[in-house]
Every structure is written in C-alpha cells, then in structure tokens.
Student: 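Structure in structure tokens, see below.
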Protein chains: 2
Amino acid sequence: MANAVQSYHHGDLRSALIEAATARLSEYGVDSLSLRKLAEDAGVSRTAPYHHFKDKSALLSAIAAKGFSDWHTAAKRIFEQEDKTPQARFREFVHEYIGYAADNPEMYELMFGRTIWQNQAATNDLKDVAFPCFQFQVTMTRYWQDKGLLPNNQDALRLAQVTWGTLHGIARLLIDGIYADSSHIEEMCDCAADLFMQKQP
Amino acid sequence: MANAVQSYHHGDLRSALIEAATARLSEYGVDSLSLRKLAEDAGVSRTAPYHHFKDKSALLSAIAAKGFSDWHTAAKRIFEQEDKTPQARFREFVHEYIGYAADNPEMYELMFGRTIWQNQAATNDLKDVAFPCFQFQVTMTRYWQDKGLLPNNQDALRLAQVTWGTLHGIARLLIDGIYADSSHIEEMCDCAADLFMQKQP
DNA sequence: AAGGCTATGTTGACAGTGTCAAGATAAAAC
DNA sequence: GTTTTATCTTGACACTGTCAACATAGCCTT
C-alpha cells in the first residue's frame, strides 16, 4: 500500500514490513521470505528493515507473535462457549486447532517451526505471547480433567504437553504431507478426541 | 577420510558425501549443511556432488533414508521381544521413539522436517524406505488393538496416525525447545503411554 | 528561529549459498 | 586403439543476510 508521495522516511515501515511478510508468507511460504524482497515490497532499500528489526529472525518472530495472539483469542472463544457441553467444546477445539493449521500451513510452520525457536533464538516479545498461549492449554486441560473428560490421575502440565503434542504432531504430519493427507482430517480429529475421552464413548 | 593419493576421480564420492554430511549433521545441524562445505570435506570441487545427486534435497533425502531404515530396524527389535509383555513393549517403544529423537535431534529434524518433504520434493528412494516404516506403525497398532491395549473401536490406520502424531508432536516440541524441556522426557513418555492404554491402569 | 541530536533510510561491500554451462580427464566399452 | 561415458573442474550467475559508512529529515533544546 505504498502511497503516491515518495518521501525519504517511510512513516510506518515496521507495520508495512510485517504486512508484506504476512502476505508473502501465506502465498509463497516461509522459506521464500527474504528481507530484500520485503524491503522492495515496502518500497524501501535493502537494509532499511534493520532499523526496525535486529535481524531476519526478529521480523519473523514478530509475525509469529501475531499468530499466537490470534490463536489464543480463538482458543478462548471456543473454550468459553457457555451454551455447549465441555465434550462438545473439547471436540470443537481439536477440530479448530487442526483446521487452523491446515488452513494456514505456512503461518503454522512459522509459529512452531525451528526457524524462530532454535538455538534459543526466540525473542522475548515472542515468548511473552507464546507462553500464555500454552498456559491456557494447561488451564483448559485442568478444566477438562475436573469435568472428567480427561484422565484425572495425570499431572495437568504433562497431560497438556501430551495433548498439545498430539495436535501439534498431527498438524505437522498433515502440513508436511508425510503420512497423512488432508482428505481425512476430520476422521483423524475425531479419532484423537475419542482417544483422549475414552471414558465418554 | 581423504586418503593421501589425490587422483582426479574420487572413487566413491557418493558414500564420502553422505558420510561427511552425516558427521556434519549431528554436530552443526541441518541448517548449516551446505553442498560446498561437504564437497570440500570430501576433497572435491563445488559442483562434483551434482554427478551423484540431482540437487541438495536429493542428498539430504539419501541421509534421511538411512535414518528411516535404522529406525525401522530398531522398532522391529523392540516390537519383537517375545519375552516381554505387549504392555512393556508398547511402553518401551514410546520411550525409545522419544529417546531417539532427543538423542539425534538433527537427524530427526531432517527425517521429519519440511526440508525434504515439502512440495512433494521427497525422492522415490526416500518414500520407499519411509513408507514401510509407517506401515509398520500400523501393524503394531493393530497388534496392540488385538491385545486390548489400544481402543478397538478405532480404525487402525487412523489410530496409528494419531499415536505416531503424538510421539512426533512431543518429539518436535522437545527438539525445538518450545514448551517442553528435556528434563521431563520420561514423565511425558509415561503420561502419553498411560493416556493410550487407559484400559490398563 | 538556529543548531544539534537522533531516528530512519541509502549505497557499497562481503562472504556465503545452490546451481547451470562448458571444458578436462580418466576409466570403461568396443 | 579408439570412442564413448562417467566423473570432476573452473567460471559464472543470481540470490541471500548483514555490516560499515554516509545522507536525510524530523524533533528537541536553547
């Protein structure tokens, strides 16, 4: 959205970069994201981004942070539907999680890929958004344990790690097209949900 | 392992490249693997590898194929221990899977990362090794269902996808250091195993 | 209002990367 | 012994992230 007037200072380059990156991300994938292209998209020179982000990883982290924030909001919306049974909400949560990953594979890849997490490269800004997101998973897990949906003899944190791990693993297998193809998404979600809620057939 | 005699033809460059790559992989990680460095390791010029591998991805696929083959062997060994109960073998399988991933993070990353799977980039050679590996997971799943360890009301293929998905997800969370740290590996494994085998407390 | 500080943007440069094209060498096939 | 073929070489290209040095312009203080 570069406007007609080309002034020396961009005005809001940071936002423009994130916007351009988000657009490019969903269309061409995280691997084809280059700072130089993004700078060009924003109508600015190669090294201008460095005045707003420490390095490429920091830019990607900022985008991922937005993803986590969005997902956290979505998760809360699903979890807090008072008019639905806990069972229904749990099942919906599973489907929504996998659905989000399947619909936004590149964003998911970015959020949970090693690109931004490896070598403790994660920004503090990123951690600040991502950690509450996981904390919420623990909260939900504890709730579902209380409601008798999930086994009560397990530590909530471990169980949350395992349940999230399951969703994460299925999501990745789907996204990477390894051993699962997208035509069976719903069945896989139901299978996972059934597995967790073995007490309620 | 370049020998003293420097002849124009290497002799067994293909093997040398794979060897060098495997060594570099575990030490420096998959991201720092470059064809040029590998060529240098093998004492050969930059483009020599192209006479043995179509491109970089093909070389990586060859290494991953070895990984799948090794893991398939390990899985069979665990599964076929006649002197142990199915429960014990299942539990051991879970621990071994996560343990393998935790001990060989870069190899695991390569085997299951998008580097070699994305865009249908997977070589046929790779698929030929990886697919039986997954088939075996289905076979084991069906066996455990028959033994009453895993829920019998689920399609074996779906259940295999979900159980593998769980292990895969936990492995990735651990490797990428996202929300789990390696000090709780055993607890997480037990939690996952318990979750699957809810009928046997 | 004048001058300086600072945020922001620029060009130049460097060391990397994967990969193609064209030519050199040696081993194998005939 | 000659020709084919597999293998290896150098040269080149486009691309990447990132640093250093310099340019511009808006803001802050005096």
Side-chain angles (χ1 to χ4, degrees), chain A residues 1-21 24-25 28-64 110 113-116 118-119 121-123, chain B residues 1-21 24-25 28-64 110 113-116 118-119 121-123:
Chain A
M1 293 313 136
N3 49 14
V5 184
Q6 185 81 340
S7 65
Y8 191 88
H9 286 82
H10 181 283
D12 196 5
L13 182 55
R14 191 174 206 279
S15 303
L17 285 170
I18 292 185
E19 196 175 324
R24 247 180 210 282
L25 177 65
Y28 303 106
V30 60
D31 289 328
S32 77
L33 275 184
S34 97
L35 281 183
R36 294 167 103 109
K37 284 183 200 154
L38 294 178
E40 193 174 9
D41 284 357
V44 105
S45 80
R46 297 148 269 156
T47 59
Y50 285 89
H51 292 273
H52 299 272
F53 300 97
K54 178 181 154 286
D55 54 18
K56 185 182 183 183
S57 175
L59 201 171
L60 297 180
S61 290
I63 302 167
L110 177 61
R114 63 164 26 199
T115 311
I116 53 177
Q118 72 183 338
N119 311 329
T123 317
Chain B
M1 299 312 140
N3 50 13
V5 184
Q6 183 81 338
S7 66
Y8 191 88
H9 286 81
H10 181 284
D12 196 5
L13 182 55
R14 192 176 204 278
S15 303
L17 285 171
I18 292 185
E19 197 176 324
R24 247 180 210 281
L25 177 65
Y28 303 106
V30 60
D31 289 327
S32 78
L33 276 184
S34 96
L35 282 183
R36 295 168 104 108
K37 284 183 200 154
L38 294 178
E40 193 174 10
D41 283 358
V44 103
S45 81
R46 298 148 267 154
T47 58
Y50 284 90
H51 293 272
H52 299 272
F53 300 97
K54 178 181 154 288
D55 55 17
K56 185 182 183 182
S57 175
L59 200 171
L60 296 181
S61 290
I63 302 166
L110 177 60
R114 64 164 23 200
T115 311
I116 55 177
Q118 71 184 339
N119 311 329
T123 318

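The sequence lines fix the lettering, A, B, ..., with proteins before strands; numbering per chain opens at 1. Bear in mind the structure is a predicted one, so any value in this text is a computation, not a measurement.
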Student: Verify the contact: side-chain N or O of B:Ser34 to OP1 or OP2 of C:dT17, cut-off strictly under 4.0 Å; return yes or no.
Tutor: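 So the side chain of B:Ser34 is within the cut-off, an N or O lying under 4.0 Å from OP1 or OP2 of C:dT17.
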Student: Decide yes or no for B:Lys54 and B:Thr123: does some side-chain heavy atom of the first lie under 4.5 Å from some side-chain heavy atom of the second?
Tutor: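 No, too far: nothing below the 4.5 Å cut-off.
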Student: Starting at CZ of A:Arg14 and ending at C1' of C:dG9, how long is that distance when rounded to a whole Å?
Tutor: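 To the nearest whole Å, that distance equals 17 Å.
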Student: Report the distance from atom CD of A:Glu40 to atom P of C:dG9, rounded to the nearest whole Å.
Tutor: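 In whole Å, C:dG9 P lies 16 Å from A:Glu40 CD.
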Student: With a 4.5 Å heavy-atom cut-off, do B:Phe53 and B:Leu60 have their side chains touching?
Tutor: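 No, every pair of side-chain atoms sits at 4.5 Å or beyond.
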Student: Applying a 4.0 Å non-hydrogen cut-off, can you work out what A:Ser45 is touching in the nucleic acid: base, sugar-phosphate, or nothing?
Tutor: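 It contacts base atoms.
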Student: Side chain of A:Arg46, base of D:dG17: donor and acceptor closer than 3.5 Å?
Tutor: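 No, no donor-acceptor pair under 3.5 Å.
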Student: With the side chain counted from C-beta on, respond yes when B:Gln118 and A:Asp31 share a heavy-atom pair under 4.5 Å apart, and no when they do not.
Tutor: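 Yes - at least one pair of side-chain heavy atoms lies under 4.5 Å apart.
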Student: Looking at B:Lys37, does any N or O in its side chain come under 4.0 Å of the phosphate oxygens OP1/OP2 on C:dG16?
Tutor: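 Indeed not, no polar side-chain atom of B:Lys37 lies that close.
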Student: Write down the distance between CZ (B:Arg36) and P (D:dA14), rounded to a whole number of angstrom.
Tutor: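 So the CZ-P distance, B:Arg36 to D:dA14, works out to 15 Å.
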Student: I'd like to check B:Leu59 versus B:Leu38 (side-chain heavy atoms, cut-off strictly below 4.5 Å). Are they in contact?
Tutor: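 Yes, at least one pair of side-chain atoms sits under 4.5 Å.
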Student: Using whole Å, report how far CG of A:Leu17 lies from C1' of C:dT8.
Tutor: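 Going from CG in A:Leu17 over to C1' in C:dT8 covers 12 Å.
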Student: Going by heavy atoms in the side chains, are A:Arg24 and A:Asp41 under 4.5 Å from each other?
Tutor: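 SC-SC contact between A:Arg24 and A:Asp41 confirmed.
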Student: Once you round it to whole Å, what is the distance between P of C:dT8 and CG of A:Asp12?
Tutor: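 One finds 10 Å between P of C:dT8 and CG of A:Asp12, rounded.
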Student: Of all of residues 50-59 of chain B, which get a heavy atom below 4.0 angstrom from DNA chain C, listed by number?
Tutor: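 Output list: B:Tyr50, B:Asp55, B:Lys56.
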Student: Are any of the side-chain heavy atoms of A:Tyr28 and A:Leu33 separated by less than 4.5 Å?
Tutor: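 They are not in side-chain contact.
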Student: Can you tell me the distance, in whole Å, between the CG atom of B:Asp31 and the C1' atom of D:dG17?
Tutor: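 Rounded to whole Å, this separation is 14 Å.
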